[in-house]
Amino acid sequence: MSEAKLKSSLFLGCIAPNRYPGIEVSTIKTAKNLGVELVDLKGAGCCPAPGAFGSMDLLTWEALAARNICLSEQMGLDCTVVCNGCYKSLYDVNEKLKANPVEMEKVNGILKLADMQYKGSIEVRHVAEQLYNDVGIKKIRDSVVQPLNGIKVGIHYGCHLLKPGRERHFTNAEAFGTEIPRFLDEMVEALGARSMDYKDKMMCCGAGGGVRGYKKDFALDMTNEKLKNMQAVGVDCIVDVCPFCHLQFDLGQMEIAEKFGDKYNIPVLHYGQLLGLAQGMSPDELGLEAHQIKVDSLLDKIV
Amino acid sequence: MADEFEPKILGILCNWCTYAGSDLAGTSRIQYPPNVRVIRVMCTGRIDPAFVMEAFSLGADAVLISGCHIGDCHYIAGNYKARRRIALTRKVIEQFGIDPRRLKMTFVSASEGALWAEVVKDMVNTIKKLGPTPVQKKVDLHAAGGHAAAGADEDLAEIAKASAGKKLEAAPVQKK
Amino acid sequence: MANEKKPNRVGVFICHCGTNIAGVIPIDQLREYAMTLPNVVHADNYTYMCSTPGQEKIKTAIKEHNLDAVVVAACSPRLHEPTFRKASAAGGLNPFIFEMANIREQSSWIHMKEPERATEKAKDIVRMSVARASLLEPLDTKYIPVEKAIMVIGAGVAGIQAALEIADSGITTYLIEKDPSIGGNMSRLDKTFPTLDCSQCILTPKMVDVDRHPNIKTLTYTEVDKVDGYIGNFTVTVRRKARGVKEAECNGCGDCAAVCPVTKGNEFDLGLGPRKAIYVPFPQAVPLKYTIDFDSCIKCDLCVKKCGDKNAIDLNMKDELVEIKVGTIIVATGFDLYEIEKKEEWGYGRYDNVITGLQFERLINASGPTGGKLIRPSDGQKPHNVAFVLCAGSRDQDANPYCSRVCCMYSLKHAHQIMEKMPGTIPYLFYMDIRAFGKAYEEFYYRIQDEGAKFVRGRVSYIEEDPVTKNCIVHAEDTLLGTPVTLDADMVVLASAIVPKETTELLRNKLTISRSPDKFLLEAHPKLNPFSTSTDAIFLAGCCQGPKDIPDTVAQAAGAAAAAQVPINQGKVALEPIAAKVNDDLCSGCGVCGSLCPYKAITLSEIGEGHRRASVNDAMCKGCGTCGAACPAKAITMQHFKNEQIRAQIAALFTPVGGA
Amino acid sequence: MALESQVLSLNKGLVNFTHEVEKGGGENISVCYQCGTCTAGCPMGRRNALRTRKIMRMTALGLKDELLKSDEIWYCSTCYTCTDRCPRHVKPTDVIIALRNMATKNLLAPKNFLQNATFIYQTGHAVPINDATKKLRVKLGLPENPPTTHAFPEFMPGVRAILDGTGLMAIKAQMDAKEVKK
């Protein structure tokens with residue numbers, strides 16, 4: 001085991017710990033293998049969801065997000081998230097409050113009710129971006145013990161990690177473009193898989209903005225379109241970096257089959273889980289058997 | 001009605017870039033605070049720190065120097081020299097108890113009328129926060145400034161030391 | 001020099017400038033205030049001081065009130081200082097004992113909503129000007145001779161037009177072009193809007209005229225290395241890049257290219273066609289001399305052998321620096337297309353069948369790489385429909401905020417060319433506004449609509465490529481219907497924005513001229529002097545100053561040519577008498593000034609053992625004052641910007657006298 | 001009876017409303033030149049009535065009532081494609097979010113949105129844990145409850161204080177009351 005040099009708090013959000021704990025466990029284990037120690041962020045809650053929650057009241061959204069950031073500030077650690085939605089909430093609020101003292105004062109006025117104060121002393125990172133920029137492709141490649149045998153992967157970048165692009169400031173910015181990003185493609189291919197180009201690759205999964213809750217048909221119709229496009233190029237699995245997109249693709253396939261009668265059966269993996277497979281972990285260890293879409297067909301291709 | 005403090009600011013602008021830019025702000029009817037009075041020189045390189053010291057000694061709340069963008073000087077590099085001199089003069093005025101934020105150098109081109117208006121707005125806001133100048137009566141500040149300028153182009157380190165309170169060795173000054 | 005009588009009878013003349021000043025600042029109050037100022041013996045005002053009656057007032061008052069200095073409170077000295085200096089001189093004063101108080105640009109126009117504070121400020125400005133005027137000294141204007149030659153940098157249609165205008169009037173013209181041939185971007189075009197005359201047909205005769213003109217010295221494959229000097233006396237060092245071919249010996253037969261084994265994409269055809277390592281960019285090139293691209297030449301010697309006795313090829317040729325003396329310079333460096341691949345959503349550079357408007361020109365051009373057949377780069381097939389994306393990189397905060405002015409019109413022209421050459425192929429123009437502002441332009445728009453082109457009012461959001469057919473699926477909203485639309489297009493033409501040529505920035509620094517925020521070169525005045533720069537004797541023509549169509553380019557080139565000839569025809573130019581002066585008694589010879597002077601105008605001379613004195617060459621000094629500000633002994637005086645003059649302004653600002 | 005006029009009176013437009021939306025995060029609306037890049041790139045609008053450009057237009061004209069009552073503003077999945085591609089740097093997604101905030105204050109938000117607030121108020125999570133996941137967590141070697149407010153309920157008073165403090169729960173209560181009346 002390599003020694004942990006990079007250390008940050010792990011913000012779990014809701015869907016990873018409460019619906020897909022495989023994402024949680026795989027992220028922690030694979031990061032550890034790459035020298036990143038992720039520490040419990042005790043008492044964190046919902047980020048809260050940027051579309052669903054920010055839509056009601058931006059100030060409440062900012063204050064609850066700032067509460068989560070404060071917890072990490074108190075530990076003196078940067079904060080790592082595993083979810084695009086959490087990233088938008090925590091990163092955007094963190095950047096906005098750092099840049100805008102008036103807004104910071106306003107939010108601190110609310111936080112005072114919870115005996116907390118936001119200081120703006122840490123950074124918010126997405127685990128995928130952290131692995132790419134801090135650990136690097138080479139180390140990721142070196143950690144592979146079970147190359148993925150050229151399986152065809154349909155990458156779903158999701159929206160809120162990369163967009164709005166003008167408000168994102170990544171290291172290696174050229175790999176994090178909003179039209180043709182490539183960091184995740186590189187990370188997937190480093191594991192011996194093939195990233196498949198498909199129509200409308202950067203399209204949203206459909207779940208965000210409260211639409212999944214309010215108009216499920218619309219959300220699923222979008223997911224269906226993406227699934228159709230991925231199926232057209234024969235992907236063996238979908239890889240995401242967001243538990244909410246993950247749920248929309250995994251559970252969504254059951255719902256789509258029921259509502260529209262379209263059946264796909266494409267396994268859905270968070271990047272942590274794909275990385276876990278490549279690092280030699282068992283599917284059970286990664287919580288894959290608990291997914292709605294069974295992963296057996298995929299595993300057959302790897303071994 | 002409580003009179004709000006309205007700072008009196010001296011602006012010294014180069015003819016080719018900022019003065020032209022400030023003219024453009026006028027032509028474009030961009031409205032900005034009337035706190036700056038402008039003196040036009042051909043180049044910011046002309047600006048003797050003694051002018052700055054004189055203004056402060058006479059009660060200026062602030063001095064704003066503005067010229068061409070670095071690399072765009074009409075006289076090739078006068079603005080570089082001005083930048084160095086102003087940076088040192090800021091240290092000098094600090095020694096005299098004047099907040100260095102009261103002296104600022106900016107770079108505004110002939111086509112940046114809107115930017116000039118912003119520069120003035122910013123400066124006026126800064127000075128309003130700082131309040132009126134602490135200088136009460138005319139004191140002989142400009143001699144010190146003059147020395148700093150002379151040395152600036154020869155040996156920055158020397159002058160930095162000098163302005164930090166050590167004795168200043170400059171070229172001999174002959175009295176008129 | 002010293003102890004001359006200082007002015008103590010100052011006249012102040014206040015201009016209403018219609019309502020521009022008078023509408024904000026009460027003129028009577030200002031005039032009465034002026035009368036209270038030290039040394040002011042007369043104050044007057046008039047609706048338009050710059051008009052003949054206004055100037056007459058100044059002249060008369062100088063005599064009637066025995067004035068020895070004049071202050072005009074009006075607009076910017078950058079606008080009317082020359083006017084009023086002349087008026088003062090006409091009244092019998094030295095024109096330099098004149099000062100302008102800018103109360104328009106610096107007060108009435110910028111504080112329109114605070115008239116009281118604007119008035120206070122105007123009073124301060126007038127007071128400062130009077131204080132300065134009271135210390136001004138008479139100065140003599142010096143004249144220097146002018147080099148009777150003009151350099152034109154860039155030989156596109158702007159440079160060609162300017163060079164011909166100048167040369168025809170008998171002045172030696174150096175036409176500098178960095179590419180192997182003159183002609184510029186216009187020589188790439190097929191037809192020109194709205195008349196549809198062939199670009200080559202109208203340009204080639206001019207190119208030949210340039211080549212044959214006895215007064216034009218054309219230097220192709222040549223770049224500006226260094227610029228020294230000033231109005232009337234520039235020394236420009238140009239780098240004649242190693243062409244590998246002796247121009248005098250080459251007869252343009254092309255035998256060398258026939259045997260050259262190296263093939264490259266031809267830059268002239270924007271990579272759509274091939275060229276050899278030894279090449280002419282296009283058959284009508286002027287001069288018709290071959291050039292070796294040493295980056296790709298493998299020095300196999302085949303061309304040298306083929307050239308044989310003509311002995312025109314020299315594979316060991318080196319760059320050569322040449323100094324050229326000229327009196328004035330015209331910059332005509334033209335434009336590049338914006339790197340439209342940066343707009344990733346449109347797929348340029350990734351999708352075979354997405355091209356730029358300039359590439360379209362090469363494809364539809366009979367002398368282009370396909371002989372004028374418009375084909376899809378992916379498969380060589382004829383397109384059945386073509387999408388045009390207008391404002392590609394123009395009017396875009398992420399790319400270029402300005403309108404490129406020609407894209408609407410050339411896209412209309414492209415649509416016409418498609419419908420004319422390829423009946424059945426339909427052009428679809430995705431536009432936001434059609435800007436057809438020129439003579440016969442709107443009529444052209446009508447014609448193209450009438451011919452059957454389809455117009456969709458909506459900007460293209462993104463383009464997808466069908467991986468099998470290589471068709472382009474264009475996504476936009478028809479904003480007039482309010483419906484998202486798609487078009488399965490065989491080909492897409494991006495009307496990519498016009499940006500200044502990449503090398504303009506380097507040249508700009510050598511010439512010390514300014515640029516506007518859009519990175520185009522800055523004109524002296526946007527309306528009244530669009531072809532001069534803020535540096536005397538350097539002029540602008542064509543797209544280096546801003547996007548232009550051909551008629552506007554030619555008009556500006558002719559204007560610049562006329563302006564550039566003025567100092568040449570006058571034979572001498574006046575120098576502002578603002579040079580530095582050294583007081584020998586005070587100078588300790590430390591040399592600080594000399595090391596600062598950007599023009600090497602200051603020299604140190606030995607005046608006995610160990611003692612030195614600085615002296616200034618008046619013609620070389622441009623009066624920036626960098627030396628004066630640094631002189632530790634205050635031995636340098638900046639004429640017209642003397643220390644006491646500037647300090648009087650400062651003192652007048654903070655310790656007002658008068659104004660009871 | 002006379003027919004209803006089909007003419008939109010521009011006097012209905014509330015200029016202040018446009019400014020309010022701009023202050024609420026939807027900057028630069030006034031420079032929108034209605035090019036339709038937003039609508040054309042919108043993945044949601046391909047399958048329903050969401051027309052981003054039209055929302056920008058109505059906001060610029062100040063058509064408050066029509067906007068706050070429209071169902072379409074709730075269709076956006078906030079993918080930010082429009083914001084990213086806008087050549088004028090308008091932020092249509094943030095305009096829509098600002099409109100939703102205003103609609104919420106006017107008790108016009110769909111119920112499910114407020115439901116999220118209730119979940120967070122009760123558990124700290126918008127998607128709280130369930131028994132099946134608890135079992136799975138243990139199987140994966142994780143603690144039964146994640147180290148969030150689930151395992152540390154002592155953090156809940158703080159969460160509730162924030163939700164009460166911004167007034168969101170009061171809005172929720174008003175909406176519930178409105179619902180009961182119906």
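Keep in mind that what you see is a predicted model, and the values were worked out from it rather than measured. Here is how names work: the chains are called A, B, and so on, in the same order as the sequence lines, proteins then strands, and each is numbered from 1.
Both the backbone and the side chain of D/His89 come within less than 4.5 Å of a heavy atom of chain A. When heavy atoms are compared at a cutoff of 4.5 Å, A/Phe53 approaches chain D solely by way of its side chain, counted from C-beta outward. Looking at A/Arg67, only its side chain comes within 4.5 Å of chain D, counting heavy atoms on both sides. With a 4.5 angstrom heavy-atom cutoff, D/Ala126 touches chain A via backbone and side-chain atoms both. Residue A/Lys112: no heavy atom, backbone or side chain, is found under 4.5 Å from chain D. The part of A/Lys215 that comes within reach of chain D is its side chain, from C-beta onward, which places non-hydrogen atoms under 4.5 angstrom from that chain. With a 4.5 angstrom heavy-atom cutoff, D/Leu140 touches chain A via backbone and side-chain atoms both. Of the atoms belonging to D/Ile171, not a single heavy atom falls under 4.5 Å from chain A. Residue A/Leu10 does not touch chain D at all, counting heavy-atom pairs closer than 4.5 Å. Of the two parts of D/Pro43, the backbone and the side chain both hold a non-hydrogen atom closer than 4.5 Å to a non-hydrogen atom of chain A. When heavy atoms are compared at a cutoff of 4.5 Å, D/Lys105 approaches chain A solely by way of its side chain, counted from C-beta outward. Contact annotation for A/Ala49: neither backbone nor side-chain heavy atoms come within less than 4.5 Å of a heavy atom of chain D. For a residue to count as touching a neighbouring chain, one of its non-hydrogen atoms must lie under 4.5 Å from one of that chain's; by this rule A/Leu58 touches chain D with backbone and side chain alike. For A/Asn84, no part sits under 4.5 Å from any heavy atom of chain D, backbone or side chain.
Comment: A/Glu62 does not engage A/Lys106 in a salt bridge, judged by the lack of any side-chain N to carboxylate O separation of less than 4.0 angstrom. Salt bridge D/Lys172/D/Asp176: present, at least one basic N to carboxylate O contact under 4.0 Å. Between A/Glu285 and A/Lys29, at least one side-chain nitrogen of the basic residue sits less than 4.0 Å from a carboxylate oxygen of the acidic one, meeting the salt-bridge criterion. The existence of a salt bridge linking A/Asp92 and A/Lys96 is excluded, since no basic side-chain nitrogen approaches an acidic carboxylate oxygen closer than 4.0 Å.
When each of A/Met203, A/Glu24, A/Glu289, A/Met116 is checked for heavy-atom pairs under 4.5 Å with chain D, A/Glu24 comes out on top. The candidate with the highest count of non-hydrogen atom pairs below 4.5 Å against chain A, out of D/Glu154, D/Lys139, D/Arg46, is D/Arg46. Residue with the most contacts toward chain A among D/Thr166, D/Ile73, D/Val159: D/Thr166 (heavy-atom pairs, distance under 4.5 Å). When each of D/Ala132, D/Gly167, D/Pro128 is checked for heavy-atom pairs under 4.5 Å with chain A, D/Pro128 comes out on top. Ranked by heavy-atom pairs shorter than 4.5 Å toward chain A, the options D/Lys91, D/Lys134, D/His125 are led by D/His125. Counting heavy-atom pairs closer than 4.5 Å to chain D, the top-ranked of the candidates A/Gly210, A/Pro17, A/Cys47, A/Gly22 is A/Pro17. Per-residue heavy-atom pair counts under 4.5 Å with chain A were compared for D/Cys82, D/Gly41, D/Pro153, D/Cys76, and the maximum is reached by D/Cys76. Most heavy-atom pairs under 4.5 Å with chain D, from the set A/Cys46, A/Ala114, A/Cys159, A/Gly206: that is A/Cys46. Put simply, of A/Asn68, A/Val211, A/Asp115, the one with the most heavy-atom pairs under 4.5 Å next to chain D is A/Val211. Among D/Ala117, D/Pro157, D/Ala151, the residue making the largest number of heavy-atom pairs under 4.5 Å with chain A is D/Ala117. The greatest number of non-hydrogen atom pairs below 4.5 Å with chain D, out of A/Asp57, A/Leu71, A/Leu113, is found for A/Asp57. For the set A/Gly13, A/Pro48, A/Gly209, A/Ser55, the entry with the most heavy-atom pairs within less than 4.5 Å of chain D is A/Ser55.
Taking the centre of each ring, A/His246 and A/His156 stay at or above the 6.0 Å mark. A/Tyr91 and A/His160 have their aromatic ring centers separated by at least 6.0 angstrom.
Counting heavy atoms from C-beta outward, A/Leu59 and D/Leu168 have side chains that stay 4.5 Å or more apart.
There is a side-chain donor-acceptor pair under 3.5 Å between D/Asp94 and D/Tyr80.
Note that the CD1 atom of A/Ile15 and the SG atom of A/Cys242 stand 7.5 Å from one another [nearest 0.5 Å]. Atoms CG and SG, on D/Asp84 and D/Cys38 in that order, are 13.0 Å from each other to the nearest 0.5 Å.
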